[in-house]
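Written below as structure tokens is the structure these notes are about.
One-based numbering along the sequence shown.
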Amino acid sequence: MSFIVIIPARLASTRLPNKPLADLGGKPMVVRVAEQAVLSGASRVIVATDHEDIRAACAAHGVEACMTRSDHPSGTDRIAEVARTLNLPMDAVVVNLQGDEPLIDPSLLSACAAQIGATVPMATCAHPLHDMADAFNPNVVKVVLDKHNRALYFSRATIPWHRDGFAQSRDTVPAGYVPLRHIGLYAYSNAFLQAYPQLEASPLEGIEALEQLRVLWHGHAIAVHVTESAPAAGVDTPEDLARVQAHYQAA
């Protein structure tokens, strides 16, 4: 499948200022993310940014970048603008890769893109959880699937709830119970990407603070690629940055 990766990257960050330009082994983080995206087999990799410093850093390393408005409420809106600016075909498949995922497995991008079809306008990924602390952690988003590996629901709650197993203990994983953790990687048909920002916000997303629930609330399918292992963590904090910098220093 042919697909395009667009990487939204804003310079502003509350916890980690100038995060996209953080040095990772001699290159800015956003460039490292783009390099991983190239390894996925994408036909094109584009950084979507509202800041000239990020555009200049990309240009210095041969990475395509597209300037966007600065007032987008989400990365999805930002990449939708880029797709319109570049006049991408409506049947193009666009992968939304966050600009703070320099260690992302490239095969995950292609696997996510491959889920898009005539009746499936959006896709994402998940992996099994084996630690009950994660299953009960509201910061770890869970997803339940139907028999076609399409999302039934996303939640910060522990879903599905193992009635009998949790009645006995919440410290160990009940036999046969495999909750799935959602991975924040998305693919869309461009037609749906353009329609998505126009969808009315749903009550569910307001309650859970999970934007993807808007898609399910409006009756659209989200396919979920399940990978067996958890992907490398992204960079949200100074501690995360130090961990990833150590990775590149050791490489």
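Between Y186 and Y196, a ring centre-to-centre spacing not shorter than 6.0 Å is recorded.
Under the 4.5 Å side-chain criterion, counting only non-hydrogen atoms from C-beta, L39 is not in contact with L109. Within the 4.5 Å cutoff, the side chain of L97 has heavy atoms near those of the I104 side chain. Counting heavy atoms from C-beta on, the side chains of P231 and I183 come closer than 4.5 Å. Looking only at side-chain heavy atoms (C-beta outward), C66 and T85 come within less than 4.5 Å of each other. E211 has its side chain within reach of T76: a pair of non-hydrogen atoms, C-beta onward, lies under 4.5 Å apart. L103 is not listed as a side-chain neighbour of Q36, based on a closest heavy-atom distance of 4.5 Å or more. Within the 4.5 Å cutoff, the side chain of Q212 has no heavy atoms near those of the E205 side chain.
Note on E200 versus R214: no salt bridge recorded, every NZ/NE/NH1/NH2 to OD/OE distance being 4.0 Å or above. Electrostatic pairing of D100 and K19 counts as a salt bridge here, judged by a charged N lying under 4.0 Å from a carboxylate O. Ion pairing between E81 and R78 fails under the 4.0 Å rule for side-chain N and carboxylate O.
Shortest non-hydrogen contact noted between Q98 and V33 is O-CG1, 3.6 Å. Taking each heavy atom of I4 and S43 in turn, the nearest pair found is CG1-OG, 3.6 Å. For the pair P102 and Y248, the tightest heavy-atom approach, listed with the atom from each and the gap, is O-OH, 3.3 Å.
Atom CG of N190 and atom CE of M90 lie 5.0 Å apart (nearest 0.5 Å). Rounding to the nearest 0.5 Å gives a distance of 6.5 Å between CZ of R156 and CG of N139.
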query = What's the verdict on side-chain contact (heavy atoms from CB on, under 4.5 Å) for I6 and N96, showing C-alpha distance, side-chain angles and the deciding distance?
reply = CA-CA 5 Å; I6 304 181; N96 179 357; over 6 Å; no
query = What do the steps show when you test H182 against K142 for side-chain contact (heavy atoms from CB on, under 4.5 Å), and what is the final call?
reply = CA-CA 5 Å; H182 176 233; K142 276 71 69 175; over 6 Å; no
query = Would E35 and H61 satisfy side-chain contact (heavy atoms from CB on, under 4.5 Å), going step by step from the backbone distance to the final call?
reply = CA-CA 10 Å; E35 290 176 341; H61 292 276; 5.9 Å; no
inquiry  = Using side-chain contact (heavy atoms from CB on, under 4.5 Å), reason through R44 and I46 one step at a time and then give a plain yes or no.
reply    = CA-CA 7 Å; R44 193 172 181 182; I46 307 157; 3.7 Å; yes
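Environment of CZ in R163: sparse, with no more than 12 heavy atoms of neighbouring residues, nucleotides or ligands closer than 6.0 Å.
Evaluated for a side chain to side chain contact (heavy atoms under 4.5 Å, CB included) with F154, the options T124, I159, V144, L180 yield exactly one hit, T124. Results of the side chain to side chain contact (heavy atoms under 4.5 Å, CB included) test with I54 over V63, I7, L21 single out L21 as the only residue that passes. Shown are E228, R181, H225; of these, the side chain to side chain donor-acceptor pair (under 3.5 Å) with H127 is made only by R181.
By the 30° and 60° cut-offs, the orientation of the rings of Y188 relative to F192 is parallel.
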